Participant: 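Structure below; questions to follow.
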Protein chains: 2
Amino acid sequence: MAPKVTIKTVAAQAGVSEATVSRALNDSPQVKPATRRRIRQLAQDLGYHPNGLARSIRTQRTNTLGVIIPDILNNFFTKISRAIEDTAAQAGYNVLLVNTDEHLDREADAIDLMLEKQAAGIIIASAGDATDYATRLGTTPAVFVDRMPPAQLVPHFDRILVDNIRGTQELVSEMLAQGAQRIGILNSAVSTTATERLTGYHQALKRAGIAFDPAIEVAARSDNSNVAQMTRQLLVNQQCDGLLAADNTIANGVLRKLPDLHLHGVHLGSFDDQDWFDFLPQPIVTAKQPIAAIGQTAVERLIARINEPTLAPEEFRLTAQIITHRLTADQVQTD
Amino acid sequence: MAPKVTIKTVAAQAGVSEATVSRALNDSPQVKPATRRRIRQLAQDLGYHPNGLARSIRTQRTNTLGVIIPDILNNFFTKISRAIEDTAAQAGYNVLLVNTDEHLDREADAIDLMLEKQAAGIIIASAGDATDYATRLGTTPAVFVDRMPPAQLVPHFDRILVDNIRGTQELVSEMLAQGAQRIGILNSAVSTTATERLTGYHQALKRAGIAFDPAIEVAARSDNSNVAQMTRQLLVNQQCDGLLAADNTIANGVLRKLPDLHLHGVHLGSFDDQDWFDFLPQPIVTAKQPIAAIGQTAVERLIARINEPTLAPEEFRLTAQIITHRLTADQVQTD
DNA sequence: CTGAAAGCGCTAACAC
DNA sequence: GTGTTAGCGCTTTCAG
């Protein structure tokens, strides 16, 4: 193990005090340009790297942002993570990432971890509404994205969300416009999200003068283990000619089950888009979330709050865009 | 801002010394169970969280692993990140993640960042071979995954890779078995990976008694900006009836271009699999990498090296699995 | 412009 | 069993 080179090493070698080295390296204006250059060169030569932990403990601030999400494999969270990292990096922050798989205890542990690491702020896609975030987070700035625990649990926090009601309403309306007559909804397991998306679904039906049928409003389990069965339930037993999957993981499950059912002309809808939907043999209508904008807004808002902790909490609602993916017939090779 | 509660606060409230609090919280066996319980309860009540930075600076170790990848949006890196986080978490480590977009300077910055954060170890999917990793990393343990800079640049480091030669050889052989006669390769921009995959391609052709044709061995730019054009080049101009995309991002580009060309019965191959390939209207053969195993091996090896820095560097080669995705005709809805 | 000294929060010897 | 003390590497007054 090479002897570690600290600021003391550099100071000794340069024949100056540690304070001067520190100043030189931090571009303090009050150090002679000549010494500054000399010290920097020396530090480079010695392979000196400042110890960020020591600095942070001294300055009482880190440039670490904690990001807590259910699962990076979920395309939505992949994209938001990238947007978060990009925006954070641009502002000089780094990202500590934790997946919770929707487990509340892992989320709680993750929050504790972020506090121990002295994260400057935390972005949370919450796994549920059982946690008392205000207590758990203490004074650490935090913003919630995508999921929103009931407002009374997160009174002090910003929330960056898509407009679920409007997005779903427009999505269902588009499915109806494309000829669907009886659209079942396979809803999300996330409570507030599900409530909002169901509301949008109802709004669209009401506008079209279609009566609700509770029998075709079902919910996925949070592990999606019932999606295949529910897909059959809606499309076969309940004779739906349209099916709205309330998030991308549910949509995946539906797409995977669909071939087994040997149906044709089913109107598919998905809240949230995926790039490869372009390649699907059957058409699908999606509400494409502005994921990058959500991530970016979350970071910007979080940093604003880090710099000004007394900012009044706000809820941001971004708008989804309705898209129809449809392959033209001659693009299909059945081989 | 609430006054921050440190170990000193707890000690004062409990009427004991900081040392005792520290011992109680760290489950030191030499503290009376009664006081231990009392202190823990008090710490909880006060909302005390140990400052991990202070601890790390004192103990000279962190439980942070740095992960440097080109782009988490690339499905391969999404999956490996998850595997890394899972394995790391299980061993008590956390993950600091940085995307480089294949930029060498950003990779270098990322390494510096990891050193400043005192990462216990680093996992790198290298953006290139221009960096002198040995110098840059100093004594920080590191393992390379997926990409391998030329061996002389990474003599002291472990490498966890897929068996590119064998995987490609088997992949191409399968395409030939399925009837392809003239398979073009749209190769990776990553140098060592490309070399190996080309070797495998050649091996398969040679075994089948097919002569090489340099005209149908082309490479993608690292931003894939020429993939559409090269797809046309191979399938139209060069009359290939098969096309091997050497990684998943290239495969995406090929799939996106394909419909424009109005071809039928093209034999598609992709090094690396994607879950949604199951939904494609045309068949595709893939070499599915054991991504989770790569990530897990990388972390295990890294941790082993953290604990035993003198471990001899090793290269691990995991085997890819050949898979054919084919939709049956009646699953296709042209609508 | 530079140095001396204090201290961030914690743990690890070393006492008692 | 518990307290005292020192010090990890750094920045920041305060002197000069």
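Fair warning: this is a prediction, and the values are worked out from it, not measured in the lab. Here is how names work: the chains are called A, B, and so on, in the same order as the sequence lines, proteins then strands, and each is numbered from 1.
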Participant: Want to settle it: does A:Gln30 or A:Ala54 sit nearer the 5' end of DNA chain C, counting the closest nucleotide to each?
Facilitator: A:Gln30
Participant: The side chain of B:Tyr48 lies closest to which of these nucleotides: D:dT11, C:dC10, D:dG3?
Facilitator: C:dC10
Participant: Measure the distance from CD1 on A:Ile7 to C1' on D:dT12 and round it to the nearest whole Å.
Facilitator: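 In whole Å, D:dT12 C1' lies 12 Å from A:Ile7 CD1.
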Participant: Under the side-chain contact (heavy atoms from CB on, under 4.5 Å) criterion, do A:Val143 and A:Ile124 qualify, and how do the steps go?
Facilitator: CA-CA 6 Å; A:Val143 311; A:Ile124 307 177; over 6 Å; no
Participant: For the CD1 atom of B:Ile7 and the CG atom of B:Asn51, what is their distance to the nearest 0.5 Å?
Facilitator: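 Interatomic distance, B:Ile7 CD1 to B:Asn51 CG, rounded to 0.5 Å: 10.5 Å.
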Participant: For residues B:Leu302 and B:Tyr93, determine if any side-chain heavy atom of one lies less than 4.5 Å from a side-chain heavy atom of the other.
Facilitator: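 With C-beta onward as the side chain, the pair stays apart.
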Participant: Start at the 5' end of DNA chain D and walk down; is the nucleotide closest to B:Gln60 or to B:Pro29 reached first?
Facilitator: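 Residue closer to the 5' terminus by nearest nucleotide: B:Pro29.
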Participant: Quick one: label A:Thr35 by what it contacts on the DNA or RNA (base, sugar-phosphate, nothing), any heavy atom closer than 4.0 Å.
Facilitator: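 Sugar-phosphate, backbone atoms only, no base.
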Participant: Classify the side-chain pair B:Thr9/B:Lys4 by whether it contains a donor and acceptor separated by less than 3.5 Å.
Facilitator: no
Participant: On the side chain of B:Arg23, is there an atom forming a donor-acceptor pair with the base of D:dG3 - under 3.5 Å, no angle test?
Facilitator: yes
Participant: When you get a sec, tell me which of C:dT11, D:dG3, C:dC10 is the closest nucleotide to the side chain of B:Asn26?
Facilitator: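 The answer is C:dT11.
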Participant: Considering only side-chain heavy atoms of B:Ala19, which listed nucleotide, D:dT12, D:dT4, C:dT11, is closest?
Facilitator: D:dT4
Participant: In whole Å, I'd like the distance from the CD1 atom of B:Ile39 to the C1' atom of D:dT2.
Facilitator: 10 Å
Participant: Checking contacts here: which listed nucleotide (C:dG7, D:dG3, C:dG3) is nearest the side-chain heavy atoms of B:Val16?
Facilitator: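 The closest nucleotide is D:dG3.
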Participant: Want to settle it: does B:Thr59 or B:Pro33 sit nearer the 5' end of DNA chain D, counting the closest nucleotide to each?
Facilitator: B:Pro33
Participant: Looking at A:Glu314 and A:Arg159, is there a salt bridge between them, counting it only when a charged N and a carboxylate O are closer than 4.0 Å?
Facilitator: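 Looking at A:Glu314 together with A:Arg159, the answer is no, because their closest N to O distance does not fall below 4.0 Å.
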Participant: Measuring from the side chain of B:Asn51 (C-beta onward, heavy atoms only), which nucleotide among C:dC10, D:dT11, C:dT2 has the closest atom?
Facilitator: C:dC10
Participant: Over how many whole Å does the gap from B:Lys8 atom NZ to D:dT4 atom P extend?
Facilitator: 13 Å
Participant: Rounded to the Å, how far apart are A:Ile57 CD1 and C:dT11 P?
Facilitator: 10 Å
